[in-house]
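Both ligands and their constituent atoms are indexed starting at 1 by order of listing. All values below come from the heavy atoms of this structure, side chains included, with hydrogens, waters and symmetry mates left out.
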Amino acid sequence: MRQPMVAGNWKMNGSSDSVKELMAGIKAGMDSVKNTEVVVCPPAVYIPRVVGAAADSGINVGSQNICDQDRGAFTGEISGEMLNDVGCGYAIIGHSERRSLYGETDELVAKRFAAARRNGIKPIFCIGETLEEREQGITNDVCSRQIDAVIALEGVDALADGVIAYEPVWAIGTGKTASPEQAQEVHAFIREKIRGLNADVADGLRILYGGSMNAANAAELIGQPDIDGGLIGGASLKAEDFLTICRAGG
Ligand code: PEP
């Protein structure tokens with residue numbers, strides 16, 4: 001049985017006060033989340049205080065990115081060593097905003113995946129197609145290519161150290177969610193692809209859905225056989241909505 005996971009990607013939102021309030025709200029409702037692993041990914045500057053606020057709550061903390069290098073002359077970057085040092089256990093890798101706005105290639109994303117692994121940080125590895133790619137009928141090819149870059153560098157077994165988040169780009173921040181059937185179809189494809197290489201890794205791998213998941217649609221999405229939780233943007237900024245999604249995982 002795969003334990004469901006719900007991770008909140010706060011993106012570049014928040015302030016000292018709002019982060020404190022949001023964490024207090026999530027913590028207050030954690031008793032109602034029975035079986036789902038909960039992760040929050042604040043902006044990097046707030047990670048240490050969120051780690052502090054999360055102590056003894058069962059909430060895990062992740063970063064929104066990670067440098068492919070471990071230390072040295074990489075101005076503006078944050079390494080896996082540093083993230084580990086401040087108690088951060090997860091890192092979002094290859095988010096579509098990083099790929100499209102900051103030019104991150106499949107190869108760089110794979111290197112970031114490797115950096116997370118060697119520093120004991122679990123990658124939340126994002127993949128997904130644009131609307132144009134879906135309309136061209138190449139959704140599976142795109143997801144496959146993105147996964148293959150990580151497998152080429154780290155091997156298929158490495159996938160067991162993290163989770164995959166399938167996030168159709170056209171559904172992120174748009175209010176347009178993939179239907180449960182559309183999402184399930186891609187999740188099943190991803191799992192089958194990996195099963196062809198290593199059945200144990202495929203069976204144990206958690207594949208999250210991301211893209212306008214909210215309190216109203218989470219239960220139906222997470223109820224699909226190959227959807228093991230969600231990566232949540234907008235709805236993770238409201239404690240009650242986020243907790244409702246966490247509870248949908250069980
Ligand atoms: C995301 O940024 O990973 C995401 C899924 O955003 P939203 O839930 O706002 O679509």
Hey, is [X] close enough to [Y] for a salt bridge, meaning N to O under 4.0 Å?
X: Asp203; Y: Arg2; value: no
X: Arg145; Y: Asp106; value: yes
X: Arg191; Y: Asp228; value: yes
X: Asp56; Y: Lys27; value: no

- Would you say Ser212 has any N or O atom under 3.5 Å from an N or O of ligand 1, going by distance alone?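 For ligand 1, there is an N or O atom that lies under 3.5 Å from one belonging to Ser212.
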- Judging by distance only, is a nitrogen or oxygen of Gly234 under 3.5 angstrom from one on ligand 1?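 N/O-N/O distance below 3.5 Å exists for this pair.
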- Task: Report the residues that fulfil ring-ring contact (aromatic ring centres under 6.0 Å, His included) with His187, sequence neighbours left out, ordered by chain and then residue number.
- Result: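 Only Tyr166 meet the ring-ring contact (aromatic ring centres under 6.0 Å, His included) criterion with His187.
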- Is the closest heavy-atom distance from Gly173 to ligand 1 below 4.0 Å?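 A heavy atom of Gly173 does come that close to ligand 1.
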- Message: To the nearest 0.5 Å, what is the distance between CD on Glu167 and CD on Glu129?
- Response: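 Reported to 0.5 Å precision, the distance equals 11.0 Å.
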Can you name the atoms of ligand 1, numbered from 1 with element, that are less than 4.0 Å from a heavy atom of [X]?
X: Lys11; result: 1 (C), 2 (O), 6 (O)
X: Gly211; result: 5 (C), 10 (O)
X: Asn9; result: 1 (C), 2 (O), 3 (O)
X: Leu231; result: 3 (O), 5 (C)

Protein contact of [atom] - nearest heavy atom, named by residue and atom, plus distance:
atom: atom 1 (C) of ligand 1; result: His95 NE2, 3.2 Å
atom: atom 4 (C) of ligand 1; result: Gly233 N, 3.5 Å
atom: atom 3 (O) of ligand 1; result: Glu167 OE2, 2.7 Å

- Message: More than 12 heavy atoms of other residues, nucleotides or ligands under 6.0 Å from NZ of Lys238: yes or no?
- Response: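 Incorrect, the count does not exceed 12.
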- Task: Classify the contact between Ala171 and ligand 1 as side chain, backbone, both or neither, using a heavy-atom distance cut-off of under 4.0 Å.
- Result: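 The backbone, only.
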- Query: When you look for heavy atoms under 4.0 Å from ligand 1, do you find them on the side chain of Ile172, its backbone, both, or neither?
  - Reply: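 Both the backbone and the side chain of Ile172 come within reach of ligand 1.
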What donor-acceptor contacts under 3.5 angstrom involve side-chain atoms of residues 135-142, with partners at least two apart or in another chain?
none

